[in-house]
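Step one of this worksheet: look at the structure below.
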Amino acid sequence: METIGRIIATEKQPSTIEEFTFWTQKDLKLKPFDVVVVDHIKDANGEDSKTFGVVEEISHMTDSPSALAGYISSDFGDVDAHTYTERIGMNYVKCKVVGNDKGIYIPVQEGKQVHLADEEQIMEALGLKDVKNPLPAGYIDMYDGDSKKTLPVYFNSHFLIGPEGAHLNISGISGLASKTSYAMFLMKAIQDYAIKGNESVAFIMMNVKGTDLLRIDQKNERKKELDQIKPAYDLLGMEMKPFEQVKYFYPYAKEYTTYTYEKESVLKERLANKTAAQFKYLFETDEDKECLDLLFANVDDPNETIESIVNFIMANSGSFNGVETWEDFQNVVHSYTQADKKNASKEISVMSWRKFYRLFNKSFQKCRQMFTNQLGNGVRLRDEIANINKNDVMVIDVAKMDEESQGFVFGDVMRAVYNLKLGASKRPDEEIPDRIVIFIDELNKYASNEVPKSSPILHQLLDITERGRSLGIILFGAEQFVSDIHRRVKGNCATQAFGRTNAIEITREDFRFVPSVYRTMLTRMKQGEYIIQNPVFRSMLHINFPLPIYKYYND
């Protein structure tokens, strides 16, 4: 082990069981997140122990008594002046204690030697050694120059997709932090892990931006990128191939591309070879009516008038008894907006019906072709989810739909997954995937602090994050600012990933316990970098991950 310095413990800056400081040469290249090893006292058996620390802050110090002394020593401000004797200087490094190889946690002592860690010590210090149920999380670059080491990082899968811990939240500035790319990298790792280990995991991905996720079954063809991807995939033991068992679901439209950014030729080809389907929403069963409240998820309803109307409709009250088509439903709702309606509900005012009709009609007209009366060649998403198998990947395209319709589809998907896991399906339990991962970008649309508390989608998300782990329903969510997300949603995510963000965001309460240097790093991180937190890791980790192995672009 290379010795790089010695512990400093002063009256004003003592060593503690949580942190220590040491001096080192001013030209030594260290950086935040690097791991160091300190000689410590012997254990009960007389064997030497080692304490591990993670670098948090690095300062440079000289014997100069003040800034003015530096000015005077440069011939009173001559920038070209040459000093004959350099000032005595050193680097002053602050570290967080992350463990001791003999379980000794008293403070390290003054003057003890500090070393760079070898690979085994790094893995032990960070909690990465002998990880059970290893699932690739990325890789870390430790040290610089000749001492540089690149090491794989693995999650314990039981703390990412259950049963010990579950759910992932990813935050970062749009277009810079690669939120979708990191989520897709992890899901690709999970699918590889599941296939190799004969695990039972399925995926449902919501495509909310352009054609981001509409090529995930096709391999990246850019040779330069593949040359960069291969070393990382080899290091992590991953397969150099895209997602398998993928099926795409597009909103139904006669013109095919009315509600999707997909090319018509691609969509038709996929429909022909059964790797895609168009989904519809009929108005035939109670299940169809149960989805109505999802259209009003982001509508503030302090007097619960919307909820009362939905309950009135669900009970087949008044003129709604026997309604089986969207057109008839629309006409009946419109009739209740008339002041002279004979069968109007006495408990619900005409003004409330008019508000309901206006909001419903807005969403109904925007996606008119998706709301239909005959299934024909289309499918119901809830039926497809009810028949999902292990390793299946369902990509549901909602990118071109308006925000209300996107929420409607997302809410319907979550309910269908919940119904499946709660036994609503007639399938034997052994045929249902043990875990279903749901990925949604722009989570802030549905789980922000500003979403109405009555929102059924918010209630569903809270239920998934609080109870989903035990049911095998796993949420992977992404958004620009983690501070916007409901505290119960993010609080129940066992894994947090922080990408590049802005200076205002890092002042929020969510970053209060993040060391100041780490917070500053978050404002200048590059694509392919994240700071992650997981119960298995002893410290936050600065990880890297490769570019997507699938085709994420259009030629």
Side-chain angles (χ1 to χ4, degrees), residues 137 155 158-174 176-184 186-187 204-206 208 297-298 407 410-411 414 417-418 435-471 473-502 504-515 518-519 521-523 525 530-537 539-543:
F155 289 117
H158 287 190
F159 286 86
L160 180 66
I161 56 175
E164 303 296 335
H167 314 307
L168 165 73
N169 188 64
I170 309 174
S171 62
I173 293 175
S174 180
L176 289 174
S178 312
K179 299 185 294 296
T180 301
S181 296
Y182 188 53
M184 296 301 288
L186 291 180
M187 286 187 283
I204 300 175
M205 307 173 186
M206 308 296 295
V208 299
N298 287 334
F410 178 47
M414 287 194 293
V417 173
Y418 233 82
R435 280 155 287 184
I436 299 177
V437 178
I438 304 174
F439 170 60
I440 179 71
D441 198 354
E442 300 184 14
L443 183 63
N444 54 291
K445 287 183 178 180
Y446 316 109
S448 76
N449 297 315
E450 297 177 358
V451 170
K453 293 181 180 180
S454 60
S455 166
I457 297 180
L458 175 60
H459 290 172
Q460 195 78 50
L461 284 167
L462 289 171
D463 212 20
I464 286 177
T465 53
E466 293 174 349
R467 293 204 304 142
R469 175 178 58 83
S470 60
L471 295 173
I473 306 174
I474 314 302
L475 177 70
F476 280 16
E479 73 286 328
Q480 290 192 39
F481 303 117
V482 67
S483 61
D484 289 342
I485 302 301
H486 194 289
R487 62 181 181 82
R488 285 166 58 193
V489 172
K490 62 191 175 189
N492 281 291
C493 291
T495 304
Q496 302 280 346
F498 305 100
R500 183 172 174 178
T501 189
N502 61 38
I504 297 175
E505 174 69 1
I506 62 173
T507 64
R508 306 294 189 191
E509 184 177 353
D510 296 83
F511 297 90
R512 181 191 302 174
F513 299 105
V514 178
Y518 295 1
R519 291 201 299 268
M521 287 179 64
L522 284 170
T523 65
M525 291 177 69
Y530 266 92
I531 292 178
I532 60 175
Q533 193 173 38
N534 181 273
V536 174
F537 305 148
S539 173
M540 300 181 82
L541 299 182
H542 179 206
I543 60 100

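Hydrogens, waters and symmetry mates are skipped; everything else that's a heavy atom, side chains included, is used. No experiment lies behind these values; they were computed from the predicted model shown.
Among all heavy-atom pairs drawn from V482 and Q496, the shortest one is CG2-OE1, 4.3 Å. Scanning both residues, D510 and S483, for their nearest heavy atoms gives OD1-CA, 3.3 Å. Nearest approach of L522 to F511, heavy atoms of both residues: CD1-CE2, 3.6 Å. The nearest pair of heavy atoms linking Y446 to I457 is CB-CG2, 3.6 Å. In terms of heavy-atom proximity, N444 sits nearest to V451 at O-CG2, 4.2 Å. Taking both residues in full, the closest heavy atoms of R435 and G162 are given as NH1-O, 3.4 Å, listed atom of the first, atom of the second, then distance.
Between the CE atom in M206 and the CE atom in M414 there is a gap of 9.0 Å [rounded to 0.5 Å]. Within the model, atoms CG of L461 and OG of S455 stand 8.0 Å from one another, a figure rounded to the nearest 0.5 Å. The line from CD1 of I170 to OG1 of T180 is 8.0 Å long, rounded to the nearest 0.5 Å. With rounding to the nearest 0.5 angstrom, the SG atom of C493 is 9.0 Å from the CD1 atom of I485.
In this structure, I474 and H167 have side chains that are in contact, with non-hydrogen atoms separated by less than 4.5 Å. Looking at heavy atoms from C-beta onward, F498 lies out of side-chain contact with Y518 at the 4.5 angstrom threshold. A heavy-atom distance below 4.5 Å is not found between the side chains of I532 and N534. I440 has its side chain within reach of L475: a pair of non-hydrogen atoms, C-beta onward, lies under 4.5 Å apart. Contact of the Y418 side chain with the L471 side chain is registered, since non-hydrogen atoms from C-beta on lie closer than 4.5 Å. You'll find the side chain of M525 reaches within 4.5 Å of the side chain of I531, heavy atoms only. The shortest side-chain heavy-atom distance between L462 and V489 falls under the 4.5 Å cut-off. Proximity of Q480 to E505: side-chain heavy atoms (C-beta onward) are nowhere separated by under 4.5 Å.
Listed for the S178 side chain is no donor-acceptor partner under 3.5 Å among the backbone atoms of S181. Looking at D463, its side chain never comes within 3.5 Å of a backbone N or O of H459 through a donor-acceptor pair. Between the side chain of T507 and the main chain of I504, a donor-acceptor pair closer than 3.5 Å is present. Counting only distance, with no hydrogens or angles, the side chain of R469 and the backbone of P163 share a donor-acceptor pair below 3.5 Å.
In this structure, F481 has no ring-ring contact (aromatic ring centres under 6.0 Å, His included) partners at least two apart in sequence or on a different chain. Residues that satisfy the ring-ring contact (aromatic ring centres under 6.0 Å, His included) test with F476, not counting sequence neighbours, are absent from this structure.
Only one option out of K490, E479, K179 pairs with N169 in a side-chain hydrogen bond (donor to acceptor under 3.5 Å, both in side chains); it is E479.
Taking the six-membered ring for Trp and thresholds of 30 and 60 degrees, Y182 and Y530 have nearly parallel ring planes, at less than 30 degrees apart.
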